[in-house]
2 protein chains.
Amino acid sequence: MWPERCRAILVSKPSVMVIYMADLLVWEKPDLNTLPGVIKKAIVEGRAVIIIGECSIEYEGRSASRLGNGERILIIKQDGSVLVHRPHGYSPVNWQPETSVIETWTDDEGRLYILAVREGPREVLSIVFSRVDLAVSMKLSDKAEFIMYLSEAEIKRILMDNPELVEPNLRILEDEKKLGSGQADIYGVDGNGRPVIVELKRIPASREAVFQLYGYVKSYEAKYGRRPRGILVAPSFSPSAIEALQRLQLEYKLIDLRELYRLALKKGYRKSILDYGRKQV
Amino acid sequence: MWPERCRAILVSKPSVMVIYMADLLVWEKPDLNTLPGVIKKAIVEGRAVIIIGECSIEYEGRSASRLGNGERILIIKQDGSVLVHRPHGYSPVNWQPETSVIETWTDDEGRLYILAVREGPREVLSIVFSRVDLAVSMKLSDKAEFIMYLSEAEIKRILMDNPELVEPNLRILEDEKKLGSGQADIYGVDGNGRPVIVELKRIPASREAVFQLYGYVKSYEAKYGRRPRGILVAPSFSPSAIEALQRLQLEYKLIDLRELYRLALKKGYRKSILDYGRKQV
DNA sequence: CGTGCCAGGTGCCAT
DNA sequence: ATGGCACTTGGCACG
């Protein structure tokens with residue numbers, strides 16, 4: 001049933017085991033009393049910890065939550081970030097961001113307490129394990145650079161190199177022009193010398209985006225005494241966005257992300273992976 | 001150095017091991033060729049998989065990204081959701097939501113490929129492991145109910161039970177009144193019979209919240225021919241929010257989340273955990 | 001530190 | 001499916 005190169009070891013009752021390798025330690029069915037030491041040592045040495053077992057959770061901070069007993073995966077990273085994952089879904093059910101300080105101990109009944117505390121705002125995450133099936137401690141080395149394509153920043157770069165994609169004869173004057181409390185994505189002048197403010201969205205534009213653009217237009221008008229054109233650039237527009245655009249006398253321009261991506265691919269000589277596993281027709 | 005109840009086993013060269021328990025299997029330094037079978041079997045049986053090792057990642061979908069070799073933690077959950085975590089931070093560096101379909105194989109050079117593909121929108125996540133230190137497969141049982149306190153929904157419930165916290169003599173008429181494209185949090189009438197629209201924020205209110213409220217007020221006016229009062233209720237207000245409130249002739253009301261939480265505690269007989277680990281003064 | 005704003009935002013619920 | 005919006009949003013940049 002299992003690949004033949006795997007050996008299977010049946011462990012019928014709780015036991016404790018450490019497999020020691022270069023930088024990975026594994027405890028199977030550990031005595032919970034040993035884990036506070038494991039966790040503290042890991043944190044001191046910059047190691048990450050994974051604990052799999054049955055726990056209950058309380059959180060209190062900006063909000064508050066409670067979760068009864070269940071089997072979950074806990075990850076404590078080197079920087080103090082904590083994640084608790086249930087068996088389903090993308091999001092952790094509870095977590096603590098990286099600035100948290102971790103305390104851990106066991107009580108008389110052998111339960112393992114893990115407390116992740118963060119200040120400003122004060123938030124407390126309390127995890128109590130009644131049973132641990134597996135604990136792993138590891139030092140991860142990961143120095144690779146993460147490269148993101150098609151972010152709003154990259155789209156803006158493409159549009160600023162090719163302003164005719166927004167409007168013919170548009171001349172870019174300024175990137176991230178400060179206006180009022182925020183900053184306009186792109187500022188320039190059109191073929192008739194009229195100032196143009198461009199707000200760019202890489203996702204379908206909602207009414208919020210229109211208000212954002214409107215705020216820049218109003219700030220510009222208040223500052224320079226001249227009403228600029230305002231153009232919302234996005235791959236699509238919600239009905240409420242279009243209604244608001246018309247009401248506030250603003251313009252909009254569709255962009256085709258695929259087209260922009262082809263442009264980026266051409267410039268960067270990158271190969272698409274989107275066809276992986278696609279059904280052959 | 002380690003707690004004395006732990007046994008340490010030194011593994012000097014790659015080997016393959018399975019620890020079999022009720023519902024948890026562990027492979028240490030597995031031959032990568034065995035892992036596609038492990039993963040496929042896990043998915044079929046509704047088990048989650050954790051793989052720790054060195055991998056590179058490509059993603060393409062709504063955006064696109066690339067990440068070179070590094071040591072990471074991969075989680076594949078029962079529902080097809082995939083998370084890849086680097087050694088630092090709260091967020092996974094790459095992921096795939098729960099609807100993804102997972103394919104996995106190895107190539108001639110023994111590298112492990114894991115492809116998570118999602119449709120609508122089509123997104124492809126490709127993970128290639130060149131080395132795996134640990135693989136875990138487990139069936140997690142977690143039926144507990146997650147209870148969230150102090151969400152906006154709970155705050156609204158408290159305010160609707162105690163409308164005087166918003167304004168004396170306020171009478172609530174409607175919850176989530178549909179107005180235009182969105183819906184106002186609370187709708188009622190004040191002591192003088194004038195309609196009141198309340199927009200509630202559980203976080204510091206920004207200018208966006210003011211525009212949101214303004215949209216509801218305008219929609220109400222357009223629909224009923226009468227300008228209602230608009231009250232923004234929040235724990236604090238940004239300067240730009242206050243400026244916008246005054247410009248648009250809207251009102252605002254501070255709420256004290258702690259006070260509301262005490263109310264909720266009193267009703268729910270819950271005990272705060274915020275004092276855990278706080279320094280004694 | 002707060003303020004503003006993007007994010008492959010995610011999640012929930014509505015039509 | 002799309003729209004509207006809250007979220008312990010997280011994350012970054014900037015003053």
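Computed from a prediction, not measured in an experiment: that's the story for all the values here. Per chain, numbering begins at 1; letters A, B, ... match sequence-line order.
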Quick one: is [X] getting a side-chain N or O under 4.0 Å of the [N] phosphate, OP1 or OP2?
X: Arg62(B); N: dG9(C); answer: yes
X: Gln183(A); N: dA13(D); answer: no
X: Arg207(B); N: dC5(C); answer: yes
X: Gln96(B); N: dG8(C); answer: no
X: Arg202(B); N: dT9(D); answer: yes

First of Glu98(B) and Gly182(A) reached from the 5' end of DNA chain C, by closest nucleotide: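 In this pair, the answer is Gly182(A).
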4.5 Å side-chain heavy-atom contact, [X] and [Y]:
X: Val217(B); Y: Leu248(B); result: no
X: Leu115(A); Y: Leu125(A); result: no
X: Asp185(A); Y: Ile197(A); result: no

Take atom [atom1] in [N] and the same atom in [M], then report the distance between them in whole Å.
N: dG4(D); M: dG8(C); atom1: P; result: 23 Å
N: dC6(C); M: dC7(D); atom1: C1'; result: 15 Å
N: dG11(D); M: dG11(C); atom1: P; result: 16 Å

Spacing of CG belonging to Leu260(B) relative to CG belonging to Leu150(B), to within rounding of 0.5 Å: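 Going from the CG atom of Leu260(B) to the CG atom of Leu150(B) covers 7.5 Å.
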Which is true for [X] with a 4.0 Å heavy-atom rule: it touches a base, it touches only sugar-phosphate, or it touches nothing?
X: Ser151(A); value: sugar-phosphate
X: Tyr216(B); value: sugar-phosphate
X: Glu176(B); value: nothing

CA sep, side-chain torsions, deciding dist, call: Lys218(A), Glu221(A), salt bridge (charged side-chain N to carboxylate O under 4.0 Å, His left out): CA-CA 5 Å; Lys218(A) 282 314 225 185; Glu221(A) 195 176 3; 3.6 Å; yes
Strand-adjacent residues in residues 73-94 of chain B, judged by heavy atoms under 4.0 Å from DNA chain D: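 The stretch gives Tyr90(B), Ser91(B) as the residues lying under 4.0 Å from the strand, ordered by number.
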For DNA chain D, the residues among residues 229-242 of chain A that have a non-hydrogen atom under 4.0 Å from it: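 Going residue by residue through residues 229-242 of chain A, the ones with a heavy atom under 4.0 Å of DNA chain D turn out to be Ser238(A), Pro239(A), Ser240(A).
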Partners passing ring pair (Phe, Tyr, Trp, His ring centres under 6.0 Å) against Tyr220(A) (at least two apart in sequence or in another chain):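 Per chain and number, Tyr220(A) pairs via ring pair (Phe, Tyr, Trp, His ring centres under 6.0 Å) with Tyr187(A), Tyr224(A).
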Test side-chain contact (heavy atoms from CB on, under 4.5 Å) applied to Ala234(A) - qualifying residues, sequence neighbours left out: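 Lys201(A), Ala205(A), Phe237(A).
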With 3.5 Å as the limit, what N/O pairs link the protein to nucleotides 12-15 of chain C?
none

Shortest non-hydrogen separation from Ser63(A) to Arg202(B) and the atoms involved: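 Shortest heavy-atom separation between Ser63(A) and Arg202(B) comes out as CB-NH2, 3.5 Å.
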Minimum-distance nucleotide to Trp95(B) side chain [options: dG9(C), dT9(D), dC5(D)]: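 It is dG9(C).
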Which nucleotide in dT9(D), dG8(C), dC6(C) has an atom nearest any side-chain atom of Ser63(B):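 The closest nucleotide is dG8(C).
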Salt-bridge criterion met for Lys156(A) and Glu152(A) (N-O under 4.0 Å):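 So Lys156(A) does not pair with Glu152(A) through a salt bridge.
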Salt bridge flag under 4.0 Å for residues Glu259(A) and Arg262(A):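 No salt bridge links Glu259(A) with Arg262(A).
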Base dG4(D) to side chain Glu208(A), donor-acceptor N/O within 3.5 Å cut-off: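 For Glu208(A), whose side chain was compared with the base of dG4(D), there is no donor-acceptor pair (under 3.5 Å).
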Pairwise salt bridge (charged side-chain N to carboxylate O under 4.0 Å, His left out) hits with a residue in residues 76-89 of chain A, at least two apart: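 The answer is Arg86(A)-Asp142(B).
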